[in-house]
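See below for the structure under consideration.
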Amino acid sequence: MAAVTIIRLPLGPFQVNTYIVICHQRGQAIIIDPAADPQTIIDTLDAQGAVASRILNTHGHPDHLLANAALRRALDIPVYMHAADSGLFADDPGIRLLEQQTGLTVDTIADRPLNDGQILRLGATPLEVLHTPGHTPGGCCFLVDGQLFTGDTLFVGDAGRTDLEGGSLDQLIHSIETRLLPLPDTTVIWPGHDYGTTPTSTLAREKQENPYITDFILNP
Ligand SMILES: [Zn+2]
Ligand SMILES: [Zn+2]
């Protein structure tokens, strides 16, 4: 049996994937990219009998962290994000509209930094932070029990855009090549948006089908 249970909740105006990852052994959970609807996230935790200990953001784009402030307050848990992204998009002109659409107050600043190679405990299960800049300077992926949460770094059959503030296609390709491709082919991909033909994939399949990997890295 897998060490963790993963629940995917597409939330908010942009249907960003919020993930709740629960360690069976201890009933502890982390929330990755709480994108809206904090009560739905709390109800889901309660239904699983799980207690969340941390909020992790894959990156600082406002649509991925709309429920940060509400959940931090309701659950009294810290928000983690790479320092390069914390507050970077605080003046994003889209924030006001997102706040109007969701009734939430956006806070783009993290309580604690994420660092490359950092290990966070999820109950009895280690979670590793991989810094993968390119979509944003502070973009991170999270690896836990062979499950890789890729945010907007890597989608099923696609990759994150690099034309926004702080983005770099060269950096994104470098991150995918040096940090993600060395992982086992069986690694399961859980992206920040459901843009592919299936919600999840594996590294093996992406090496066959994802043009950012096949065209930029494997057969340049
Ligand atoms: Zn993004
Ligand atoms: Zn996104």
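When a ligand or atom number is given, it counts from 1 through the structure's own listing order. Only this structure's heavy atoms are used, side chains among them; waters, hydrogens and symmetry mates stay out. Start at 1 with the first residue, then count along the sequence.
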- Please assess N57 against Y80 for the test side chain to side chain contact (heavy atoms under 4.5 Å, CB included), listing each intermediate value before the final yes or no. CA-CA 6 Å; N57 287 133; Y80 289 71; over 6 Å; no
- Exactly one of V21, L143, I30 clears side chain to side chain contact (heavy atoms under 4.5 Å, CB included) with L127, and that residue is I30
- Message: Suppose the cut-off is 2.8 Å; how many protein N/O/S atoms fall inside it around the Zn ion (ligand 1)?
- Response: 4
- Item | F14/H193 aromatic ring centres below 6.0 Å | no
- Item | R72 bridged to D107 by N-O distance under 4.0 Å | yes
- Hey, are D145 and T125 close enough side-chain-wise for a donor-acceptor pair under 3.5 Å? no
- Please list, chain by chain and in numerical order, all residues satisfying ring-ring contact (aromatic ring centres under 6.0 Å, His included) with H82, sequence neighbours excluded. H131
